[in-house]
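Following: one structure in structure tokens, then a few remarks.
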Protein chains: 2
Amino acid sequence: MPATFRHLDDVQEACGRCSLAHLCLPYGLGIDDIQKLETLVDVGIPIARGKDLFNQGDALTAIYAVGSGALKTSMIDAEGLEQIMGFYYPGDLLGLDGLGDEVHHCTATALEDSQICRIPFEQLDHLVDEVPGLRRQLMRLMSQALSDDEQLLLTLGRKSSEGRIATLLVSLSRRRQMRGLDASPVRLSMKRVDLANFLGMRIETISRVLRRLQERHIIALDRADVMILDFPALENWAARGAWVADQ
Amino acid sequence: MPATFRHLDDVQEACGRCSLAHLCLPYGLGIDDIQKLETLVDVGIPIARGKDLFNQGDALTAIYAVGSGALKTSMIDAEGLEQIMGFYYPGDLLGLDGLGDEVHHCTATALEDSQICRIPFEQLDHLVDEVPGLRRQLMRLMSQALSDDEQLLLTLGRKSSEGRIATLLVSLSRRRQMRGLDASPVRLSMKRVDLANFLGMRIETISRVLRRLQERHIIALDRADVMILDFPALENWAARGAWVADQ
DNA sequence: CGAGTGGTTTGATCCAGATCAACGAGGTTG
DNA sequence: CAACCTCGTTGATCTGGATCAAACCACTCG
């Protein structure tokens with residue numbers, strides 16, 4: 001269990017003490033309200049690599065926060081094509097897109113052995129009416145998720161393969177930093193095929209682009225771990241790796 | 001003023017009588033609550049083609065509902081590239097992605113002379129605490145927006161140029177039907193350059209794809225209006241226009 | 001240990017769609 | 001009415017990244 005994650009035996013203070021509180025639901029709440037939140041959260045539920053946390057189409061009975069590890073979400077559309085929608089790390093909330101119709105729109109799968117916090121929807125829904133701060137934070141997080149998707153749209157819609165990879169690495173690194181970790185190594189827990197699917201390219205291209213970035217001494221690859229050797233250069237690739245914009 | 005839109009002189013019943021209520025904020029509210037909502041909504045504000053409703057970076061003082069006409073939203077990223085994020089039609093809500101930090105993340109521009117309803121954020125924020133149904137509907141709409149973005153991601157990430165155009169036409173047509181209109185003609189109020197930017201392709205390609213769809217008698221073009229002659233075939237193109245998925 | 005297996009990398013071709021260039025149809029201006 | 005826009009269409013090339021094919025690990029299992 002990583003040092004950033006609280007222990008199971010002090011559940012009553014789980015959220016208040018959690019080192020991820022500033023990224024998660026408790027943010028902006030007073031001590032009293034955090035305590036109310038804690039009473040309904042199940043903390044530190046283990047989930048094994050490869051297992052699904054929930055499946056597309058399931059009734060939404062809870063939303064989840066990642067405690068440790070990593071997960072991916074994926075959708076299968078009407079034509080049976082799978083699309084990876086996102087990768088989730090400690091502090092991230094899962095299931096927000098299903099709040100509207102109380103059905104999960106995507107499947108969430110653990111990329112490595114992970115621990116998650118379960119926040120039952122029914123009770124959360126009531127608590128939200130009692131605690132205005134909680135409603136605001138929930139809306140903040142939903143609106144944040146909207147912005148993230150929009151950022152991703154920008155990337156997928158306009159950037160070259162090098163730009164996409166660089167953007168992803170920069171984004172994963174920034175998210176590490178928000179959690180108080182070093183900028184790198186970034187661990188690519190997902191398989192190449194997931195990366196390829198997520199970025200809308202082929203695994204061969206992923207491989208070639210990573211090799212090129214390595215040859216330019218911008219990154220260093222060691223199995224799943226990516227050391228970022230030249231962050232500004234990587235950001236530059238993330239920025240320049242776009243087709244020329246019309247005006 | 002289109003028949004679907006209420007008149008200015010009965011503001012006190014604006015939302016309750018609006019034919020778009022089932023798509024908009026009032027959905028699911030009781031009469032009393034709708035009346036509370038009506039007191040704070042400014043209905044039918046005109047906005048001229050080409051004018052901005054709000055700009056990226058502006059403080060969010062209100063969210064908006066489209067009454068008539070059409071708008072686009074666009075973001076300019078750090079590198080100065082513009083990306084069209086979406087097109088908005090009567091009943092759609094604008095500004096939700098800024099609710100979190102109370103700053104507009106995108107610029108909203110009228111594609112034709114339009115009318116919009118203005119819902120002041122401050123008052124809405126308070127009303128939301130009083131009316132649980134309103135909170136739920138607002139969350140439903142945010143979660144809907146999330147799903148829309150995800151759908152778009154699916155399209156942009158995986159589909160061929162023909163698939164993208166077909167998907168857009170099908171989506172615009174379905175949205176017409178939700179507003180109680182015929183499936184077509186779909187009016188492409190936006191310029192080719194906006195369409196190209198939105199779909200992540202070039203205007204020349206847009207033109208060629210539209211021509212091909214016309215040659216196959218799937219659509220008929222008349223200036224900005226697209227008649228859909230063979231809806232199943234178009235849906236088929238929307239579905240098939242994807243690269244083969246890995247497993 | 002060798003055979004089998006799932007994942008990654010490398011090499012050789014091919015093609016959808018970008019790019020470059022030219023033209024046509026309205027609309028506006030002096 | 002010519003000169004000039006803006007916007008959309010069409011034609012001819014070029015190229016990034018998909019596709020096809022094969023080799024290359026690193027593990028596991030009998």
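To find a chain, count down the sequence lines: A is the first, B the second, and so on, and within it residues start at 1.
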When the distance from CD of A/Glu162 to P of D/dT15 is rounded to whole Å, what number comes out? 16 Å
Looking at A/Ser161, I'd like to know whether one of its side-chain N or O atoms comes within less than 4.0 Å of OP1 or OP2 on D/dG16. no
Take atom CG of A/Leu210 and atom P of C/dG7, then tell me their distance rounded to the nearest Å. 17 Å
Nearest-angstrom distance from the residue atom CZ of B/Arg202 to P of D/dT10: 19 Å
Where the side chain of A/Thr205 is concerned, which of D/dG17, C/dT10, C/dG17 is the nearest nucleotide? D/dG17
If you find the nucleotide of DNA chain D closest to B/Lys191 and the one closest to B/Arg208, which residue's nucleotide is nearer the 5' end? B/Lys191
B/Arg164 side chain vs B/Lys159 backbone, donor-acceptor pair below 3.5 Å: yes
Testing C/dT9, D/dT19, C/dT10 for proximity to the side chain of A/Arg211, the answer is C/dT10
Any side-chain N or O of B/Ser207 below 4.0 angstrom from OP1/OP2 of D/dG8? no
Can you check the A/Ile206 CD1 to C/dG7 P distance for me, whole Å? 15 Å
Starting from P on C/dA18, measure out to CG on B/Asn197 and report it in whole angstrom. 12 Å
Using a strict cut-off of less than 4.0 Å between a Lys/Arg side-chain nitrogen and an Asp/Glu carboxylate oxygen, indicate whether B/Arg158 and A/Glu82 qualify as a salt bridge. no
One thing to verify: whether B/Glu235 and B/Arg174 come together as a salt bridge, which I'm taking to mean a side-chain N less than 4.0 angstrom from a carboxylate O. yes
Considering only NZ, NE, NH1 and NH2 on the basic side and carboxylate oxygens on the acidic side, decide whether A/Arg187 and A/Asp225 come within less than 4.0 Å. yes
Under 3.5 Å, side chain of A/Gln214 to main-chain N/O of A/Leu221, donor-acceptor pair present? yes
From the options C/dG26, C/dG17, C/dT8, select the nucleotide whose nearest atom is closest to the side chain of B/Ser160. C/dG17
Taken to the nearest whole Å, CG/A/Leu195 to C1'/D/dG17 is 17 Å
Rounded off to whole Å, could you give me the CG-to-P distance for the A/Asp222 and D/dA26 pair? 11 Å
Taking atom P of C/dA16 as reference, at what distance in whole Å does atom CZ of B/Arg164 sit? 14 Å
Can you tell me which nucleotide in C/dA21, D/dA18, C/dT8 comes closest to the side chain of A/Arg192? C/dT8
